Amino acid sequence: MDFENLQVGLKNSGEMPVTEKDTAIFVGSATPKMVALMEKVSAELAEKNLPEDFTSVGISLNVEHIAPTPIGMKIRVESELVEVSGRKLTFEVAAFDEAEKIGKGRHERFIVNGKKFQTKADGKFSG
């Protein structure tokens with residue numbers, strides 16, 4: 001299947017406010033919250049450009065969390081599709097708060113048929 005709508009250079013962004021429940025004290029580390037937003041924004045970019053029966057799954061994420069953000073500030077994540085290799089998608093991701101860049105990295109996703117993927121996952125119960 002051809003995924004011609006997924007072109008290098010596509011971009012997406014998203015943001016979230018930092019609350020007490022997003023802090024390292026509450027979660028144990030604030031990095032997972034930033035990483036989750038990076039993955040969500042990248043996944044949304046892929047989903048908007050895939051045929052109906054397809055989705056993408058994360059296969060790798062390599063990020064640096066380079067600065068903290070205080071409660072009350074917003075975090076904005078930007079994702080850009082930088083490579084399409086068959087069904088593998090590679091994104092450059094960056095996170096910013098209202099003062100500076102707080103994170104950066106690369107994220108890879110793989111295109112799958114949603115129903116087949118779920119069937120395979122559910123098959124683990126009977127295995």
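Computation of the quantities below employed the complete heavy-atom set of this structure, encompassing side-chain atoms and omitting hydrogens, waters and symmetry-equivalent molecules. Note that this is a predicted model, so its numbers are computed, not measured.
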Pairing residues for K33 by the salt bridge (charged side-chain N to carboxylate O under 4.0 Å, His left out) criterion, not counting sequence neighbours: D22
Can you tell me if H107 and S42 form a side-chain donor-acceptor pair at under 3.5 Å? no
Who pairs with E83 by side chain to side chain donor-acceptor pair (under 3.5 Å), at least two apart in sequence or on another chain? none
Check which hydrophobic residues are tied to I59 through side-chain heavy-atom contacts below 4.5 Å, counting indirect links as well, and list them. V57, F110, V112, F117
Could you pull out all residues at least two apart from E100 that satisfy side-chain contact (heavy atoms from CB on, under 4.5 Å)? A67, D97, I102
Counting C-beta onward and ignoring hydrogens, is there a side-chain heavy-atom pair between T90 and R106 closer than 4.5 Å? yes
For residues 4-18, run the donor-acceptor check on the side chains, cut-off 3.5 Å, and write out each pair with its distance to 0.1 Å, sequence neighbours left out.
| residue | atom | partner | partner atom | Å |
| --- | --- | --- | --- | --- |
| Q7 | NE2 | E4 | O | 2.4 |
| N12 | OD1 | K48 | NZ | 3.3 |
| N12 | ND2 | V41 | O | 3.0 |

Step-by-step side-chain contact (heavy atoms from CB on, under 4.5 Å) determination, V82 to F91: CA-CA 5 Å; V82 295; F91 300 88; 5.9 Å; no
Test side-chain contact (heavy atoms from CB on, under 4.5 Å) applied to E39 and R109, step by step: CA-CA 9 Å; E39 187 167 16; R109 302 188 67 75; 3.2 Å; yes
What do the steps show when you test E78 against R76 for side-chain contact (heavy atoms from CB on, under 4.5 Å), and what is the final call? CA-CA 7 Å; E78 298 173 355; R76 183 182 84 259; 2.9 Å; yes
Taking atom CG of L45 and atom NZ of K40, what is their separation to the nearest 0.5 Å? 13.5 Å
Give every residue pair that meets the salt bridge (Lys or Arg N to Asp or Glu O under 4.0 Å) criterion with at least one member in residues 54-72, sequence neighbours excluded. none
